[in-house]
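Before any comments, here is the structure.
Proteins come first, then strands; the chains are lettered A, B, ... in the order of their sequence lines, and each starts at number 1. These numbers come from the heavy atoms of this one structure, side chains and all, not from hydrogens, waters or symmetry mates. Since the structure is predicted, the reported quantities are computational estimates derived from the model, not experimental observations.
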There are 2 protein chains.
Amino acid sequence: MSFNFTILGVLKWKPMTGYDLKKIIQKTTFMYWSGNNNQIYKGLLALQNQGLVTNEVKHQDGAPSKKIYTITASGIEEFNKWIMESPKEPPEFKKEFLIQMALSGDLKVDNVMAILSQYEESVSMKLLMEKEMQRRQGLDKRRNKQEEYLWSMISENIINTYENELLWIEKVKAGMEVKGRK
Amino acid sequence: MSFNFTILGVLKWKPMTGYDLKKIIQKTTFMYWSGNNNQIYKGLLALQNQGLVTNEVKHQDGAPSKKIYTITASGIEEFNKWIMESPKEPPEFKKEFLIQMALSGDLKVDNVMAILSQYEESVSMKLLMEKEMQRRQGLDKRRNKQEEYLWSMISENIINTYENELLWIEKVKAGMEVKGRK
DNA sequence: TCATCCATGTAAAAAGTTACATGATTTT
DNA sequence: AAAATCATGTAACTTTTTACATGGATGA
């Protein structure tokens, strides 16, 4: 389960609470989970049972007390092993629209054009949202030049993905129009 | 649940058994489910209860008897409504590697280069497999020119996705090397 | 002879999401 | 006065995957 490794990796930055982790995972879109409480708190418990993190309870006046989690030496070791030795999964996608297109063989050309436009609208919207998310995250300070470079490349990867999808939509539309005119 | 709509859409091609559906969904990689028995047979039951499909049992000598499912008129109506009126979901990705890269800020340059190469290998392999899958599927006959065009565009979409990922990996590697030399 | 194909189904586990529950403080 | 933030946790549900179960026919 890579979710727990993600927690571990973020705790390498600095010790923090489950609530902090939740916020980070939720705003980082490429950490693709919902980042809900259930996963976070269960994950932290499991990591603690494996001795990969420890926590220290901080009581606060006029605020709920917090558990600050810190990664242990064996936690760092396990995490580095995951990074270096785990098989690198190829990207996975779910493009429901491809299924819809595959099953639209007997639709009228105009209808196919319509659903292509709907998809285009949806991808454009997503791209805008993604750019806004990244603008906000660009304000976060990175630990060093390498981390900054890697995060900028990740941004590029995500933006590219949506932009390539838009280019592909245009191509399909152009091809459909030629068919329609005949 | 788009899985059941997928079943419905494939049944629009022609009546067939759950087993046939399973094979089609399994070999069509962009229908991203495992296409396991549980989903197929439960899905068909649900569709039948909604009156969207009917089945006819065919007994066979020396082979298990089969249930041939046929889409009903209201099934076709529901399916077309799904295609035209359902919101078009933007593509979703799970790129575990982006998470690994995001958490590799304190790795040595050589180690980052190593995991990039591992990822490149993994994506290349996946691309090859995908091309082979598509070569096999290219042998299937399509119902008409439009369906043929749409399926060729879907192939292009999938191949593009992996090829763009490979281009991106090269770019990241090139950028890392400049950093390493400094 | 051993594996795969045909053909249907069930059981159980894992993974993931949504909603519930509490309660003080701060912001709108 | 209402909503959001901080902070932890639980419960219920949906979705998805893996494995089990049967059994004859065909192919390597």
Distance-minimising heavy-atom pair for B:Gln39 and B:Ser34: OE1-OG, 4.1 Å
Give me the atom names and distance for the closest heavy-atom approach of B:Pro90 to A:Tyr119. CA-CE1, 4.3 Å
Under the criterion side-chain contact (heavy atoms from CB on, under 4.5 Å), which of B:Met129, B:Arg135, B:Gln134 is the partner of B:Glu132? B:Arg135
Per the side-chain contact (heavy atoms from CB on, under 4.5 Å) rule, which among B:Lys22, B:Arg136, B:Gln137 passes with B:Lys27? B:Gln137
Is a salt bridge present between B:Glu163 and B:Lys131, judged by a nitrogen-to-oxygen distance below 4.0 Å? yes
Looking at B:Glu78 and B:Lys81, does any basic side-chain N land under 4.0 Å from a carboxylate oxygen? yes
Please state whether the phosphate of [N], meaning OP1 or OP2, lies under 4.0 angstrom from any side-chain nitrogen or oxygen of [X].
X       : N     : result
A:Tyr19 : D:dC6 : yes
A:Tyr41 : D:dT8 : yes
A:Thr17 : D:dT8 : yes
A:Lys67 : D:dG9 : yes
A:Lys23 : D:dC6 : yes

Round to a whole Å and report the spacing from [atom1] of [X] to [atom2] of [N].
X       : N      : atom1 : atom2 : result
B:Met16 : C:dT8  : CE    : P     : 12 Å
A:His59 : D:dA7  : NE2   : C1'   : 13 Å
A:Leu44 : D:dA7  : CG    : P     : 14 Å
B:Ile25 : D:dT17 : CD1   : C1'   : 15 Å
B:Gln26 : D:dT18 : CD    : C1'   : 13 Å
A:Asn55 : D:dA7  : CG    : C1'   : 13 Å
A:Glu56 : D:dT8  : CD    : P     : 13 Å
B:Ile68 : C:dC6  : CD1   : P     : 15 Å

Give B:Lys58 one of three labels, base, sugar-phosphate or nothing, depending on what nucleic acid heavy atoms sit under 4.0 Å from its own. nothing
Among D:dA7, D:dG9, C:dT8, the nucleotide that comes nearest once only the side chain of A:Asp20 is considered: D:dA7
Flag the pair B:Tyr32 / B:Phe3 as yes when their ring centroid distance falls below 6.0 Å, and as no otherwise. no
Polar-atom pairs under 3.5 Å, protein N or O versus N or O of nucleotides 15-22 of chain C: list them with distances, or write none.
| from | atom 1 | to | atom 2 | distance (Å) |
| --- | --- | --- | --- | --- |
| C:dT17 | OP2 | A:Ser34 | N | 3.0 |
| C:dT17 | OP2 | A:Ser34 | OG | 2.9 |
| C:dT17 | O4 | A:Asn38 | ND2 | 3.4 |

